[in-house]
Amino acid sequence: MTRSGAGAPAELEALREKMYGAGSPETLRQLLELSAKIYRGRRQFAQKEKKETVYYTVDDFYRDVSCVGEMLMSFGGNVHAAVVGENSYYWVTAFFAAACSGNTAVPIDKELPDEKIAELAAKADCRVMFFSAPYSGAARLFLENGGEAAVCISGKTRGVNCLEIGSVISAVEKTPEFEKAEPKKDDPAAIIFTSGTTGENKGVILTHGNLCSNFTDLAHAIKPVSTAMSVLPMNHVYELSCIVLTAVYMNALLYINDSLRHFESNMAEFRPEVMAAVPALLDSIYNGIVARAREQGELKKLFAAAAVSRFLMKLGIDIRRRLFSRAAESFGGKFPAISVGGAPVNGKKALFLSSLGFDIYVGYGLTETAPIVSLNTDVMKYPDSAGKCLPGCKIKLIEPDEDGVGEIAVCGRNVSPGYYNEPDADRRSFSDGWFLTGDYGKIGKNGELYIAGRKKNIIILDNGKNIYTESLEEYFVQNSVIIKEAVIFAAQKPAAVKGGGVKYLAMAVTADEKSFAGKTPEEADEAVAAEVARLNAGLPSYEKIADTEVFSEEFEKTSTMKIIRSEAERKYKERKKRKAKKNVQQL
């Protein structure tokens, strides 16, 4: 662990030019080798260890990856290695060790129960598991089910017969087998499971070429940076490719956030220039800035200054740093660039944050596309767009309707060759080199992509109209100060009831508690009903919401902060049943 000073930005830019001039790496092994050669001696990772910030250099990383890779080579090849645990330097080490040794890394979501983690490891035919101490139960199940070895990457374990990654590294003196390994661009680098919130988790095969295509295209699309921060779970390809791999390629010093509880203090200490976020985290940043301004009695002043900033930006005048220096204090005096993806983005909030000085990059992609397909680098101009296609891929719309909305299909260097041991899923999702995303969207007049919603969430009404629920939900959230979350689905009156059998739109929402201070639940319901009626007035008749239920607690979410829609709908239906039963009892 080296604590030497980092080089000056000018030195980094010169080294980065050498990296880019060497040609785009086609494998993660080539990335590792180029990084070790060109960025030698420079810092690459930082994290808190026992409240102390510890730095790891490019040299540390190459040595540790080589040693762990050598250990994996002793299993005789074709090793699938599960990696599960909190974001950490050794998580990245284990991932690179598996991929760069010609084997395959299998990142698994740490939010899953132990039984599910072990099940997915078996589904991917993993022979080795890297795990952090809180997941000792998963490691024990893995070994009981036939796993060959488990390696703890952090913390102390109990009841698990395992190796410890530090001991593995210190025990290896030479790495002759690892040095011989030469994975090819079409070889699998990773198997990454889809979230499986509405079905079985599918293992997406991502080749070295898939991942390398994506992070190199992304690195050239965004402003060059010297520092980055990892906040989202690394087992998701969005964080892995867009932040971790891109940081190694650019030699941006990567600060690994140890906890969301420490997010703001770590931001202030590390002052990263870029980070990835899901829309829920972007909302949290927006809400924090607004809350502080309200407490200081400067909210109106802040919004007025943001409007002035947007006007000046259109004229090519950027004085954001001067206007909003006070708001930037909680971020270490400088707003980071934020790459946002994973779910629909609130365009108004993104535009507001851009007005303050954040560079907001809105991306669209999927696990199967490693992940970025398109990137919006000009939120000021296209606040609701997912941007234009990256150079490594192209898109087309299948059977667009009269409004130009069709299913998005993608092909290119970043597209997965298919799912692991899922031939039926391959046939449904891949056709003639194109990946059928299951998302619907349309192309703007300047080639920018607009996302309408997921195919599985589209509601087809009795009159044949298609309702793109995510777009409609965003309309209600963006245009209301009291509706925080919205989930829209189809409901239907019983056939025996007058007017029964007709499908209509129902909505479950969570509401801003501050808006209902001192109000009874009934009064809160009435306030939301009035708000929905107001917003309904701006919609065509077939998009109007016919019934709404209000909940005080946020909806259950996945580890990437996506609302689990089925749970929101279940809560709505349970509430309706209770109300109906109560009404019957009162008669």
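If you're wondering where the values come from, they're calculated on a predicted model, not measured in any experiment. Counting begins at 1 with the first residue of the sequence.
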Is the count of non-hydrogen atoms from other residues, nucleotides or ligands lying under 6.0 Å from [X] atom [atom1] greater than 12?
{"X": "Lys455", "atom1": "NZ", "result": "no"}
{"X": "Arg534", "atom1": "CZ", "result": "yes"}
{"X": "Ile460", "atom1": "CD1", "result": "no"}

Partner residues of [X] under the side-chain contact (heavy atoms from CB on, under 4.5 Å) criterion, sequence neighbours left out:
{"X": "Asp217", "answer": "Ser213, Leu390, Pro391, Arg413"}
{"X": "Ser552", "answer": "none"}
{"X": "Lys223", "answer": "Asp359, Tyr361"}
{"X": "Thr548", "answer": "Met507, Val509, Val528, Val532, Ile545"}

Could you give the distance from [atom1] ([X]) to [atom2] ([Y]), rounded to the nearest 0.5 Å?
{"X": "Asn266", "Y": "Arg261", "atom1": "CG", "atom2": "CZ", "answer": "11.0 Å"}
{"X": "Tyr238", "Y": "Asn214", "atom1": "OH", "atom2": "CG", "answer": "11.0 Å"}
{"X": "Leu232", "Y": "Met234", "atom1": "CG", "atom2": "CE", "answer": "10.0 Å"}
{"X": "Glu567", "Y": "Thr558", "atom1": "CD", "atom2": "OG1", "answer": "12.5 Å"}
{"X": "Leu353", "Y": "Asn346", "atom1": "CG", "atom2": "CG", "answer": "9.5 Å"}
{"X": "Leu449", "Y": "Lys442", "atom1": "CG", "atom2": "NZ", "answer": "11.0 Å"}

A side-chain contact here means heavy atoms from C-beta on lying under 4.5 Å apart; do [X] and [Y] qualify?
{"X": "Asn201", "Y": "Asp109", "answer": "no"}
{"X": "Asn235", "Y": "Val84", "answer": "no"}
{"X": "Ser339", "Y": "Met275", "answer": "no"}
{"X": "Tyr468", "Y": "Val405", "answer": "yes"}
{"X": "Val415", "Y": "Glu368", "answer": "no"}
{"X": "Tyr572", "Y": "Val487", "answer": "no"}
{"X": "Asp525", "Y": "Thr520", "answer": "no"}
{"X": "Tyr382", "Y": "Leu351", "answer": "no"}

Partner set under salt bridge (Lys or Arg N to Asp or Glu O under 4.0 Å) for [X], not counting sequence neighbours:
{"X": "Glu329", "value": "none"}
{"X": "Lys576", "value": "Asp547, Glu549"}
{"X": "Glu273", "value": "none"}
{"X": "Asp283", "value": "Lys349"}

Under-4.0 Å salt bridge between [X] and [Y]:
{"X": "Glu574", "Y": "Lys571", "answer": "no"}
{"X": "Glu422", "Y": "Arg427", "answer": "no"}
{"X": "Glu543", "Y": "Lys465", "answer": "no"}
{"X": "Lys116", "Y": "Glu119", "answer": "yes"}
{"X": "Lys573", "Y": "Glu569", "answer": "yes"}
{"X": "Lys110", "Y": "Glu86", "answer": "no"}

Can a side-chain donor-acceptor contact be found between [Y] and [X] if the only test is distance below 3.5 angstrom?
{"X": "Arg292", "Y": "Ser330", "answer": "yes"}
{"X": "Arg320", "Y": "Ser309", "answer": "no"}
{"X": "Glu470", "Y": "Asn457", "answer": "yes"}

**OP:** Report the C-alpha separation of Thr469 and Arg565 in whole Å, then their side-chain angles, then the decisive distance to 0.1 Å, and conclude whether the side-chain hydrogen bond (donor to acceptor under 3.5 Å, both in side chains) test is met.
**Re:** CA-CA 11 Å; Thr469 54; Arg565 302 179 66 87; 3.3 Å; yes
Original post:
What are the two closest heavy atoms between Asn210 and Asn414, and how far apart are they?
Top reply: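 Minimum heavy-atom separation between Asn210 and Asn414: ND2-C, 3.6 Å.
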**OP:** Work out which heavy atom in Val373 is nearest to a heavy atom in Thr369; give both atom names and the distance.
**Re:**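 Here Val373 and Thr369 meet closest at CG2-OG1, 3.5 Å.
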Original post:
Should Ile443 and Ile395 be marked as a side-chain contact (heavy atoms from CB on, under 4.5 Å) after you check the CA-CA gap, both sets of side-chain angles, and the distance that decides it?
Top reply: CA-CA 10 Å; Ile443 306 296; Ile395 63 175; 3.7 Å; yes
Subject >> Pairs where residues 385-398 contributes a residue and the test side-chain hydrogen bond (donor to acceptor under 3.5 Å, both in side chains) is met, not counting sequence neighbours >> reply: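 Every candidate side-chain hydrogen bond (donor to acceptor under 3.5 Å, both in side chains) pair involving residues 385-398 fails, so no pair, neighbours aside, qualifies.
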**OP:** Let me see the working for Glu485 and Lys557 under salt bridge (charged side-chain N to carboxylate O under 4.0 Å, His left out), right down to the final yes or no.
**Re:** CA-CA 11 Å; Glu485 300 173 321; Lys557 298 177 179 68; 2.6 Å; yes
**OP:** Verify side-chain hydrogen bond (donor to acceptor under 3.5 Å, both in side chains) between Asn466 and Tyr440, making sure each step is shown before the conclusion.
**Re:** CA-CA 11 Å; Asn466 288 346; Tyr440 274 62; over 6 Å; no
Original post:
In terms of the angle between their ring planes, are Tyr419 and Phe430 parallel, tilted or perpendicular, with boundaries placed at 30° and 60°?
Top reply: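 The arrangement is perpendicular - the two ring planes meet at more than 60°.
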**OP:** Over 60° means perpendicular and under 30° means parallel, so classify the ring planes of Phe335 and Phe358, tilted if in between.
**Re:**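 Plane angle between 30° and 60°, so tilted.
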Subject >> Contacts of Arg578 that satisfy side-chain hydrogen bond (donor to acceptor under 3.5 Å, both in side chains) - sequence neighbours left out >> reply: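 Expected list: none.
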Give every donor-acceptor pair under 3.5 Å between a side-chain atom in residues 475-483 and any protein atom, sequence neighbours left out.
from	atom 1	to	atom 2	distance (Å)
Tyr475	OH	Leu535	O	2.7
Gln478	NE2	Glu474	OE2	3.4
Asn479	OD1	Lys348	NZ	3.0
Asn479	ND2	Tyr475	O	2.7
Ser480	OG	Ile482	N	3.1
Ser480	OG	Ile483	N	3.1
Ser480	OG	Glu531	OE2	2.7

**OP:** Could you walk me through whether Ile564 and Phe555 pass the side-chain contact (heavy atoms from CB on, under 4.5 Å) test, one step at a time?
**Re:** CA-CA 7 Å; Ile564 301 177; Phe555 295 130; over 6 Å; no
**OP:** Walk me through it: do Glu239 and Ser230 pass the test side-chain hydrogen bond (donor to acceptor under 3.5 Å, both in side chains)?
**Re:** CA-CA 7 Å; Glu239 180 74 10; Ser230 178; 2.6 Å; yes
**OP:** Could you note down all residue pairs passing ring-ring contact (aromatic ring centres under 6.0 Å, His included) where residues 286-308 supplies at least one of them, sequence neighbours left out?
**Re:**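 ring-ring contact (aromatic ring centres under 6.0 Å, His included) check on residues 286-308 returns Tyr286-Phe352, Phe303-Phe352.
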